[in-house]
Amino acid sequence: MEASESTNPIPNNRNSIASSTPVWPTVDGPLGLSEDESLSYARRFYLFGFALLPLLWAVNCFYFWPVLRHSRSFPPIRRYVLGSAIGLAVFSALLCSWALTFAIGGERLFGPVWDKLVLYNLADTIGLTGWS
């Protein structure tokens, strides 16, 4: 028995839920932030994401991936990271639907208003080209 216990590189590992939860809230492990700093950063990224900066929601989801992945770890941080993930998903769906509407629909969908909506002819419209 002693030989099998000494070959185990991680002592006291009992293969339970507690052993699978992360010890650190950030992806960079022990080099990252403490739990209090992590809560502050997660809250800031979440709130500033509403200021039309949804890239911060993506950063929040990536940086706090261990918190997002394990449902029982760091509950105060998880609520901001989960909110960021939901906000990012909603923003991505809206952005993709907007882009596909213009790409697929185009002039057939918008009719004569299309020339006012698109910006590729902006220079011609305001007279910036010298060859009109």
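Remember, predicted model here, so these are calculated numbers, not experimental data. All values below come from the heavy atoms of this structure, side chains included, with hydrogens, waters and symmetry mates left out.
I77 and S38 get closest at one heavy-atom pair: CD1-CB, 3.6 Å. When all heavy atoms of F64 and P25 are compared, the closest pair comes out as CD2-O, 3.4 Å. Contact detail for W65 and V27: the closest heavy-atom pair is CB-CG1, 3.7 Å. Closest approach of C61 and V81 over heavy atoms only: SG-O, 4.1 Å.
Residue pairs meeting the side chain to side chain donor-acceptor pair (under 3.5 Å) criterion with at least one member in residues 77-95, sequence neighbours excluded: R43-Y80, N60-S84. Residue pairs that meet the side chain to side chain donor-acceptor pair (under 3.5 Å) test with at least one member in residues 44-58, sequence neighbours left out, are S40-R44.
Under a hydrophobic-cluster definition in which Ile, Leu, Val, Met, Phe, Trp and Tyr are linked whenever side-chain heavy atoms come within less than 4.5 Å, directly or via other members, L55 and L88 are assigned to different clusters.
Contacts of A89 classified as side-chain contact (heavy atoms from CB on, under 4.5 Å), with partners at least two apart in sequence or in another chain: none. Applying the side chain to side chain donor-acceptor pair (under 3.5 Å) rule to D36 yields no partners; only residues at least two apart in sequence or on another chain are considered.
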Extract all donor-acceptor atom pairs below 3.5 Å that involve side chains of residues 98-113 and protein atoms in other chains or at least two apart in sequence.
{"from": "T101", "atom 1": "OG1", "to": "S97", "atom 2": "O", "distance (Å)": "2.6"}
{"from": "R108", "atom 1": "NH2", "to": "I104", "atom 2": "O", "distance (Å)": "3.2"}

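Here the OH-CG distance, from Y63 to L68, works out to 15.0 Å after rounding to the nearest 0.5 Å. A distance of 11.0 Å separates CG of L39 from CG of L33, quoted to the nearest 0.5 Å.
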